[in-house]
Asker: 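Structure below; questions to follow.
Because the structure is a prediction, the values reported are computed rather than measured.
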Amino acid sequence: MLEALLVMALGAIVLGAALGYAAVRFRVEGDPLVEKIDAILPQTQCGQCGFPGCKPYAQAIAKGEAEINQCPPGGEEGIHKLADLLGREFKPLSAEHGIEKPKSVALINEQTCIGCTLCIQACPVDAIVGAAKQMHTVVASQCTGCELCLPPCPVDCITMEPLAESVETWKWKYPVVRLHPVQKETA
Amino acid sequence: MTTYLFIILGAVLVNNVVFVRILGLCPFMGVSKKLETALGMGAATTFVLTMACGASYIIDRWLLIPNQLEYLRTLSFIVTIAAIVQLTELVIQKTSPVLHQVLGIYLPLITTNCAVLGIPLLNVALRHNFLESLLFGFGSALGFTLALILFAGIRERLEAADVPVHFRGTAIAMITAGVMSLAFMGFAGLDKFK
Amino acid sequence: MSALQRLFGFHGGVKPAYHKEASTTAPIAVAPTPTRLVIPLHQSIGGPPRPLVKPGERVLKGQRIGSADGNVSSAVHASTSGTVVAVEMCLMPHTSGLSALCVVIEPDGRDEWIALQAFDYRAATPTQTRDYLRDAGVVGLGGAVFPTYLKLNAGKQGKLETLVLNGAECEPFITCDDVLMRERADAILRGAVIMREMLAAGQVLVGIEDNKPEAVAAMEAAARAVNAASGDDAIRVVAVPTRYPAGGAKQLIRVLTGIEVPHGERSTDYGVQCFNVGTAYAIHEAIELGQPLISRIVTVAGNVGHARNYQVLFGTPMKDLIALCAPLPDSDRVIMGGPMMGFLMPADQVPVVKATNCVLVGSKKLFPPPPPEMPCIRCGECAKVCPADLQPFEMYWFSRARIFGKAQEYNLFDCIECGCCAYVCPSRIPLVDYYRFAKSEIWTREVEKEAADEARERYEFRLLREEREKQEKAAKLAAKTAAGREKAAAAVAEAQKPAVTPEEDAKKALIAAALERVKTQKELVHPENTVDLTPEQQAEVAAIEARRAEIREMAKPHLRQDD
Amino acid sequence: MSEPEAIEVTRRESSVLRISMRTAAIMLAFTLVFTAMMAGTYKATEPLVAASALAEKLRLIGEVLPPGAYDNDLMADAITLAPQPALGLDDDTRLWRARRNGVPVALVFEAAARDGYSGRIGLIVAVGSDGKLLAMRVTTHKETPGLGDYIDPKKDRNKARPWITQFNGLGFAEVPREKWRVKKDGGRFDQMSGATISARAVTNAGGRALAWAAEHRERLFALPPDGRFEGKETP
Amino acid sequence: MNNSPYFLQPASVQSVMLRVLLALLPGIAIYVWFFGAAVLVQIALASVTALAAEAAMLKARGKPLLMFLGDGSALVTAWLIALTFPPIAPWWLTVIGVLTAIVIAKHLYGGLGQNPFNPAMVAFALMIVAYPSLMSQWPAVGFTDFLPQWNAIFGTRQLDAITMATPLDALRTALHTADARATVAGVLGNDATFGNIGGKGWEWVAAGYFLGGIYLLQQRIITWHMPAAFLATLFLISGGFALYDPTRFVGPSFHLFTGGAMLGAFFIVTDPVSGCTTPRGKLIFAAGIALLTWVIRTFGAYPDGIAFAVLLMNIAAPLIDMYTQPPVFGHKNKRGGPP
Amino acid sequence: MSMYKDIAWNGLWKQNSILAQLLGLCPLLAVSTNLVNAVSLGLATILVMMLSNFAISALRALIPYEIRIPVFILIIAALVTVVDLAFNAFLHDLYLVLGIFIPLIVTNCIVLARVEAFAAKNGLRASTMDGLMMGVGFVWVIALLGAVREFVGQGTLFSGIEMIFPTLSGIQILPVDYPGFLVAILPPGAFFVLGLLIAGRNWLEARANRRVREHRQHDQPPPANSLPA
Ligand SMILES: Cc1cc2nc3c(=O)[nH]c(=O)nc-3n(C[C@H](O)[C@H](O)[C@H](O)COP(=O)(O)O)c2cc1C
Ligand SMILES: Cc1cc2nc3c(=O)[nH]c(=O)nc-3n(C[C@H](O)[C@H](O)[C@H](O)COP(=O)(O)O)c2cc1C
Ligand SMILES: Cc1cc2nc3c(=O)[nH]c(=O)nc-3n(C[C@H](O)[C@H](O)[C@H](O)COP(=O)(O)O)c2cc1C
Ligand SMILES: Cc1cc2nc3c(=O)[nH]c(=O)nc-3n(C[C@H](O)[C@H](O)[C@H](O)CO)c2cc1C
Ligand code: SF4
Ligand code: SF4
Ligand code: SF4
Ligand code: SF4
Ligand code: FES
């Protein structure tokens with residue numbers, strides 16, 4: 001009994017001291033993982049994931065408090081990347097957080113806009129310009145398509161327009177679905 | 001000399017920790033999705049396991065046996081291992097945060113990697129001396145690492161295979177592990193020539 | 001001349017049936033000017049040119065109608081004289097079937113040139129010459145339509161060992177370079193001499209596949225003449241073994257010089273540069289005759305009664321061209337380029353552009369639809385024939401599963417899309433389609449990533465701004481009450497790091513708060529988020545402001561009521 | 001190094017020491033409590049555990065020698081065997097001597113066959129004082145599961161009459177030494193077709209054990225308890 | 001409509017697989033000659049089972065039935081199973097083997113082209129582990145009576161009379177388990193089992209497979225790398241050890257002409273799907289199989305190591321492939337210049 | 001109350017240590033060669049999990065973060081040793097059956113994982129409940145695995161039960177001349193059967209998900225069972 005206590009006590013003192021020392025000496029600051037996760041998120045800042053922006057969601061994932069399948073704008077692609085980064089299993093997009101939509105931008109109907117500035121306050125990326133009581137306009141190249149400006153508008157003058165494809169942005173389709181629209185001469 | 005070689009070869013191939021001794025499966029399944037992380041985990045485990053074998057030999061030989069405290073073996077071994085793991089974790093956390101994050105929950109779980117406790121206990125059972133203990137630990141860890149990276153190689157390719165939906169992920173990984181262990185059964189009988 | 005050249009091989013390659021005889025029996029003919037020319041503004045790699053003409057304007061043949069925009073871009077010219085009837089979106093000769101901005105010209109039949117003037121490149125600086133070529137719209141006619149002026153830059157050493165003229169023409173059916181070399185060898189070499197001088201190249205090697213003996217003979221004769229004139233033996237014509245894709249720039253350079261130019265690096269840094277013979281001819285025309293690039297030789301072949309090469313004005317509908325060659329009734333598609341690398345056209349009325357070396361008419365009989373795709377059995381045939389030494393099945397394996405990172409690890413971007421792998425695959429997998437798909441996905445992703453990064457910055461800036469405003473408001477509020485003085489000091493001290501003595505601090509805080517009050521009021525009127533915009537965005541904003549002013553005028557009565 | 005920085009560092013140094021001490025103390029406390037708990041349990045269960053271990057050993061012996069067959073304290077009446085090559089043993093082992101009313105009844109000892117299909121087969125054997133093999137059991141083996149493992153009665157499909165029981169009660173009187181082989185080798189004993197090697201190994205080992213016991217029986221019974229038998233001393 | 005290239009070389013998976021089956025025929029003919037028509041029964045049994053299993057799996061996975069059933073890959077797997085299993089194995093052994101090969105080793109991984117392990121060898125390994133005795137019961141050479149063989153396959157009786165250990169099995173058993181006095185020469189002298197090279201009849205069957213292999217090489221279905229590396233390595237290692245101690249190690253002619261060596265060299269090691277694909281990878285892969293085969297044959301518990309060796313190298317194949325990529329165009333000698 | 005329901009649901013299915021988290025695989029695969037072994041070890045594991053979750057939840061305020069792992073391990077190992085000794089002394093027959101597998105519980109990943117993830121953050125009752133439910137989740141999987149392997153491998157069930165209850169005996173389910181399928185009892189069989197079990201779970205999950213989605217479409221609230229892991 002006594003030997004047992006002595007032997008274990010000896011070990012405990014040595015290990016405890018070493019660990020305590022190491023814990024202080026090798027403490028790390030900051031969390032590089034959050035940055036890595038945030039870099040994957042689409043930065044739409046739409047809040048559909050249930051967090052007030054992409055960064056908070058990234059922090060929640062890093063802490064293990066959120067699933068990786070809650071960001072609809074990031075889509076399956078984003079979930080795959082997160083799963084890869086974190087070594088977790090892929091999961092399909094969680095239905096309760098929304099569905100993946102084609103990328104769109106907001107368009108303000110300048111005829112109806114009353115210049116209330118409510119949309120300006122709502123836009124997380126400052127993509128709307130205009131002043132009080134003046135018509136407002138979305139800078140399309142900066143709009144992330146988060147739709148946050150839609151609800152506050154009192155006259156419902158904002159609509160989401162899917163981005164049109166051009167020869168420059170056209171993508172080769174996945175080979176299984178081969179689509180070659182043969183257009184009849186229009187003129 | 002050849003006995004030492006046989007100890008290592010036997011531990012790596014014939015009695016592979018994962019496929020034959022069925023130890024260390026949780027990290028084997030969990031950290032084998034990518035080759036890089038598998039290598040990292042393998043390296044970490046090799047380090048910890050070799051250290052653990054050395055330390056546990058010393059403890060057993062000079063503390064437990066002289067005092068007839070064999071019943072403290074499990075406890076003292078596992079606590080020592082935990083401490084070694086914790087130290088390793090802190091060092092990795094400081095030196096390579098990314099590796100640390102990727103190994104995630106598995107680094108502290110090296111402690112509960114059965115292999116890390118099982119191999120020192122086997123050392124005692126097989127009455128290995130200090131050098132043999134170290135080599136056995138090292139060889140087993142090599143076997144673990146080998147299994148891990150081979151598995152990771154296959155899984156990286158499997159990722160793109162047209163596996164039936166319900167088998168995607170861990171289910172097919174299990175089956176793959178089964179075939180791998182079947183293949184390792186081919187080494188059966190080689191150890192009787194030690 | 002050609003005898004002593006040591007040749008190197010390249011890995012892989014295939015030998016498909018060539019089908020070239022049909023279109024080489026007759027000499028080059030000039031295709032008639034159509035009733036309507038549709039000239040796309042974007043005909044080369046790089047940024048789309050800016051339109052210079054408006055509907056209704058009269059243009060002359062060779063008049064610039066689109067000017068180069070940005071670092072990589074090339075001008076576009078009117079192919080004949082006539083009236084601009086529209087500048088509008090028209091169907092492009094592009095697989096997507098999408099439209100882009102085109103200048104539509106109704107020819108007046110007079111075919112009236114602008115004033116032609118040769119360019120004295122010897123008197124000009126290299127930069128001037130390059131600018132001239134850019135404005136003359138000269139781009140690579142070998143298929144890649146990369147602006148030629150960018151390639152006429154001797155790179156790090158300031159000189160080149162070898163200038164390679166690519167007359168290999170390895171694709172089946174296509175013979176435009178072949179006939180060009182037979183008929184206009186002198187002019188090609190005159191262009192080559194200009195390029196050689198600009199690049200300070202030691203030798204010029206003309207690589208021609210050995211299945212074109214007439215072209216080799218014609219070029220050799222011309223080369224003898226040029227060499228005799230210059231007194232050195234710089235230009236040599238080399239017959240290279242016939243094997244697709246011997247005409248790929250990298251493969252030809254390798255065959256002729258043994259040099260391998262890795263993907264993503266400039267061949268000039270390795271002492272070589274490669275041009276298509278048609279490009280050389282275009283340079284000759286541009287510099288010595290002063291004619292910008294407005295036409296090219298186009299092979300019309302495939303499912304037609306008599307295949308032939310035509311000199312075609314850009315903007316000519318392919319339909320008109322095909323009609324000249326008696327298309328067979330079972331024709332069902334038009335392909336731009338050859339059967340190995342060509343692109344399916346969305347319709348036959350799309351115009352001929354600078355990239356159109358061949359208009360290939362297809363039918364089910366000629367190009368039967370491939371049997372259904374089977375899974376890859378990793379037989380390795382594709383790797384055997386890949387001229388880029390890639391492992392096509394690995395790239396396919398990961399592209400198919402959309403694991404693009406791994407596909408890139410297997411050097412997806414080294415693939416030149418030659419199609420050899422798909423040609424031999426026993427599982428009849430459209431491998432190249434998978435690579436094209438993967439590549440465009442990866443590119444899109446990069447663009448999206450940039451957009452995301454920008455959005456993050458803007459978002460963080462906004463958070464910062466909001467935070468600042470909140471603090472300012474707090475400070476203001478605190479300053480209002482006399483009792484809140486200390487508090488204000490604390491708040492401001494929090495906000496501004498360098499600590500100061502409390503009294504000073506409180507005073508400063510008061511002043512700051514007062515200042516901020518003014519500023520916030522201003523901001524309330526005009527939220528300040530228009531700073532840090534790029535010129536384009538500012539232009540966009542300005543345009544919007546202008547429109548807004550208009551609307552405001554119209555809307556005035558209604559707004560008043562609300563007030 | 002500027003003044004505040006230096007202060008900062010010393011402060012950190014001292015806190016390292018403090019934290020180390022603190023963690024050591026906590027570790028110590030936990031260790032003491034839980035070791036005490038274990039040690040307590042150990043002490044409390046020690047006699048029970050020892051009794052169980054004894055029972056286990058007797059159970060193994062009981063497999064080959066029923067407890068009713070002797071009345072002495074087997075554990076006390078045991079000697080140590082030095083390595084016996086004839087039994088295939090490389091280490092010291094124990095040999096127990098069963099007596100009834102002081103009269104020798106049987107010897108119980110370990111033996112091994114080293115030519116099993118997958119190496120060593122460990123056996124425990126009881127040989128009667130009349131030279132008959134009372135019973136034999138396999139204690140350890142690595143034979144192919146489902147093929148060679150029928151030598152262990154627990155794995156034998158024939159539960160009514162396991163293969164290994166066919167040796168019970170046979171001595172050289174019943175089966176001559178040269179017939180103490182498997183049938184395939186021209187002997188008396190059955191083997192399982194397809195796994196002769198395992199059977200051959202066990203049968204031969206049984207024969208060797210019987211011969212060894214016959215040769216040394218007198219001396220083995222005669223040695224004092226806790227004595228040591230070298231084997232080579234007697235010619 | 002498809003994209004470029006618009007015309008393709010005439011080649012198909014089906015024709016590849018059919019030619020592999022064709023190449024197996026000479027070996028099969030000699031096999032039947034020496035061991036009886038039971039071989040054909042096994043082949044038929046395996047083929048029917050394989051096609052049925054393939055069809056069921058394709059249907060379950062919603063894949064086009066005709067296209068895949070017709071590709072012939074299931075038949076290759078089935079034939080190889082039939083040729084590696086004992087000809088008188090009970091019918092259910094063959095059926096279970098084929099089922100595991102097609103269902104588990106092939107279709108759970110996504111079917112044709114996606115399986116990381118050689119399906120036929122998975123079946124063999126699984127079955128020899130599960131039923132070691134049944135899997136090592138071979139008919140005696142020359143015992144070609146059909147009826148007893150038929151009974152052995154479909155009846156329940158075990159026919160000891162007509163079975164005999166294969167040369168590999170007999171040699172290994174004699175050398176390593178019976179008694180220390182056995183020598184190679186002593187065992188090989190027993191000419192009930194052994195001919196001069198690899199046992200009576202076996203060498204001729206091997207020669208038949210060799211012939212088929214040459215045909216595959218000529219048809220460019222397989223490249224020289226794998227068979228050459230496999231046979232050369234097996235030759236060198238067995239030759240080396242036989243020189244070192246001829247009483248304990250048997251020589252190359254025996255190793256090359258017994259068991260599955262020749263079948264393996266041309267038909268099993270060369271499975272394109274589960275093997276290595278780079279030229280250097282192929283050499284390493286096949287040499288690895290030869291080495292492991294020799295080790296398992298010589299020291300291991302199982303009679304023929306090829307199945308295990310193939311599976312073991314299958315495991316390593318992705319890594320070998322990854323690290324033996326031939327240099328990509330232009331990346332050979334960094335910083336260019338004529339080579 | 002619903003919290004306990006969630007804990008139970010997590011342990012039994014949603015966060016099931018084996019099927020969902022893939023922890024504790026070694027004893028699972030090594031000991032599931034037959035049903036009796038599997039269940040016996042499972043019961044011992046439940047005991048250890050409950051005790052350790054209880055102990056650590058009770059002591060969690062005293063444990064500094066830096067040395068939490070060694071302390072957890074210390075506590076678990078001590079508890080396991082105590083259980084081991086107690087079994088040895090009082091349930092000797094059971095002890096003989098389980099043999100070395102009891103000490104092996106120390107290294108069963110789920111014990112530490114649950115302690116770290118749950119007990120260190122939650123109250124006594126919840127923690128004990130969590131230990132119990134996680135343990136039950138482990139038991140049913142290992143029992144199923146053991147039963148399948150024993151049945152396929154030998155054609156029996158409950159063989160070896162007489163070592164625990166001497167009056168009972170195993171059941172021969174398949175005919176006695178069933179040749180057995182040895183691989184099922186060997187390591188490869190363990191992997192295969194577990195792979196099939198996981199695939200089965202995936203199938204059930206997928207079906208449940210489909211149901212939820214259909215519910216959604218009909219604008220009905222889905223069955224609520226959501227506690228973050
Ligand atoms: C911004 C930019 C500048 C380039 N400048 C040069 C150059 O100076 N010289 C050159 O040979 N190629 C230059 N390239 C062209 C690339 O190397 C191009 O891929 C290649 O020349 C065309 O390939 P091809 O010869 O196969 O058509 C440039 C490309 C870009 C995007
Ligand atoms: C597979 C392949 C085949 C090619 N074949 C030819 C060819 O036969 N003739 C040719 O001039 N260019 C060919 N090219 C284009 C050349 O790579 C290269 O772009 C061109 O020679 C550069 O000259 P340019 O800039 O004057 O067009 C081919 C390209 C590829 C990828
Ligand atoms: C994988 C494998 C495992 C075997 N295991 C054993 C075994 O454990 N015991 C045994 O006696 N024979 C075993 N054998 C069989 C021997 O190789 C040999 O064929 C047999 O013992 C000869 O006996 P027989 O004459 O009764 O056929 C095994 C065979 C194989 C292929
Ligand atoms: C040369 C060649 C060898 C083959 N060898 C095997 C083999 O050893 N085992 C097998 O199951 N299938 C073999 N196959 C058939 C086919 O590749 C196999 O069924 C695939 O592994 C199924 O995906 C072979 C096919 C070819 C062309
Ligand atoms: S749902 Fe995605 S894009 Fe939207 S805020 Fe959350 S992480 Fe960002
Ligand atoms: S404009 Fe509207 S949709 Fe676009 S980013 Fe701003 S808030 Fe989102
Ligand atoms: S040729 Fe086709 S089947 Fe063969 S490896 Fe390449 S992609 Fe696969
Ligand atoms: S298309 Fe790409 S991968 Fe295929 S052969 Fe050509 S270069 Fe190689
Ligand atoms: S590693 Fe988790 S139980 Fe063994």
Side-chain angles (χ1 to χ4, degrees), chain C residues 8 10-11 14 16-17 95 250 254 257-263 265 269-270 332-333 335 337-344 362 366-372 374-381 383 387-391 393-394 410-411 414 419-420 422-428 430 432-433 436, chain E residues 1-17 63-64 66-68 70-71 73 76 110-116 220-223 225 270-279 281-282 317-318 321-322 324-339:
Chain C
F8 301 81
F10 67 91
H11 175 264
V14 295
T95 314
K250 292 179 184 195
R254 158 103 189 131
T257 65
I259 297 173
E260 288 193 2
V261 183
H263 165 71
E265 292 189 43
D269 293 344
Y270 290 75
D332 63 349
R333 79 197 95 164
I335 293 159
M340 297 298 287
M341 293 185 70
F343 297 100
L344 198 62
L366 194 58
F367 305 130
M374 294 278 287
C376 165
I377 54 167
R378 301 177 68 86
C379 66
E381 286 302 317
D389 298 273
L390 298 169
Q391 302 288 302
F393 51 89
E394 302 277 17
Y410 281 100
N411 304 300
D414 281 56
C420 291
Y423 177 74
V424 297
C425 175
S427 290
R428 282 104 29 149
V432 189
D433 285 6
R436 290 175 182 137
Chain E
M1 232 178 267
N2 60 308
N3 292 313
S4 60
Y6 298 98
F7 56 29
L8 309 175
Q9 218 171 37
S12 70
V13 176
Q14 190 183 30
S15 86
V16 170
M17 295 298 166
K63 302 272 159 178
L66 276 182
M67 184 174 121
F68 282 98
D71 68 26
S73 69
V76 176
L112 178 68
Q114 326 221 21
N115 44 308
R220 317 213 328 132
I221 287 174
I222 59 176
T223 58
H225 302 79
T270 52
D271 178 22
V273 174
S274 53
C276 284
T277 39
T278 64
K282 284 178 179 174
D321 264 350
M322 217 177 285
T324 54
Q325 298 292 319
V328 171
F329 186 94
H331 300 301
K332 276 159 208 162
N333 37 347
K334 272 275 154 218
R335 243 15 280 163

Asker: Can you classify the ring geometry of E:Y6 versus C:F367 as parallel (below 30°), tilted (30 to 60°) or perpendicular (above 60°)?
Answerer: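 E:Y6 and C:F367: tilted rings.
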Asker: Please classify the contact between E:S274 and chain C as side chain, backbone, both or neither, with a heavy-atom cut-off of under 4.5 Å.
Answerer: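 Nothing of E:S274, per the 4.5 Å heavy-atom cut-off to chain C.
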Asker: Which region of E:Q14, side chain (C-beta onward) or backbone (N, CA, C, O), has a non-hydrogen atom less than 4.5 Å from a non-hydrogen atom of chain C, or is it both or neither?
Answerer: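 Neither part, no heavy atoms under 4.5 Å.
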Asker: Hey, what do you get for CG (E:D321) to NZ (E:K282), rounding to the nearest 0.5 Å?
Answerer: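 It is 9.5 Å, given to the nearest 0.5 Å.
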Asker: Under 4.5 Å, counting heavy-atom pairs only, tell me which of C:L390, C:V432, C:I335 racks up the most with chain E.
Answerer: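 Heavy-atom pair counts peak at C:I335.
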Asker: Heavy-atom cut-off 4.5 Å, strictly under: side chain, backbone, both or neither for E:N115 against chain C?
Answerer: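 Neither part.
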Asker: Would you mind telling me which of C:R436, C:R378, C:E394 has the largest number of heavy-atom pairs within less than 4.5 Å of chain E?
Answerer: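 Most pairs with chain E among the choices: C:R378.
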Asker: So for E:P64, is it side chain, backbone, both, or neither that comes closer than 4.5 Å to the heavy atoms of chain C?
Answerer: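 Contact with chain C: none, neither part.
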Asker: Using a cut-off of under 4.5 Å on heavy-atom pairs, state which of C:G362, C:S427, C:P375, C:P426 scores highest against chain E.
Answerer: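 Answer, by heavy-atom pair count under 4.5 Å with chain E: C:P426.
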Asker: Side chain, backbone, both or neither: which part of C:V261 has an atom under 4.5 Å from a heavy atom of chain E?
Answerer: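 Backbone only.
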Asker: Under the salt bridge (charged side-chain N to carboxylate O under 4.0 Å, His left out) test, which residues partner E:D271, sequence neighbours left out?
Answerer: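 In terms of salt bridge (charged side-chain N to carboxylate O under 4.0 Å, His left out), with neighbours along the sequence ignored, E:D271 is linked to no residue.
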Asker: Given a strict heavy-atom distance threshold of 4.5 Å, which part of C:A422 is in contact with chain E: side chain, backbone, both, or neither?
Answerer: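 Contact with chain E: backbone and side chain both.
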Asker: Between C:F343 and chain E, with a heavy-atom cut-off of 4.5 Å, which part of the residue counts as in contact: side chain, backbone, both or neither?
Answerer: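 The backbone, not the side chain.
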Asker: What I'd like to find out is whether the side chain of C:F10 reaches to under 4.5 Å of the side chain of C:K250, using heavy atoms alone.
Answerer: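 A side-chain contact is absent here, since even the closest heavy-atom pair is not under 4.5 Å.
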Asker: Heavy atoms only, distances under 4.5 angstrom: which of E:P326, E:P272, E:P327 has the most pairs with chain C? Name it, please.
Answerer: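 Highest number of pairs under 4.5 Å: E:P272.
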Asker: Would you compute the distance between atom OG1 of E:T324 and atom CD of C:Q391 and round it to the nearest 0.5 angstrom?
Answerer: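 Spacing of OG1 (E:T324) from CD (C:Q391) equals 8.0 Å.
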Asker: Which value, rounded to the nearest 0.5 Å, describes the distance between C:D433 atom CG and E:N2 atom CG?
Answerer: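 Between atom CG of C:D433 and atom CG of E:N2 there are 8.0 Å.
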Asker: For each of C:G380, C:A388, C:G419, tally heavy-atom pairs with chain E at distances under 4.5 Å, and name the one with the top tally.
Answerer: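 Answer, by heavy-atom pair count under 4.5 Å with chain E: C:A388.
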Asker: For E:H331 and C:N411, test the side chains for any donor-to-acceptor distance below 3.5 angstrom and give the result as yes or no.
Answerer: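 Side chains of E:H331 and C:N411: no pair found under 3.5 Å.
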Asker: Please step through side chain to side chain contact (heavy atoms under 4.5 Å, CB included) for the pair E:V13 and E:L112, ending with a clear verdict.
Answerer: CA-CA 10 Å; E:V13 176; E:L112 178 68; 4.2 Å; yes
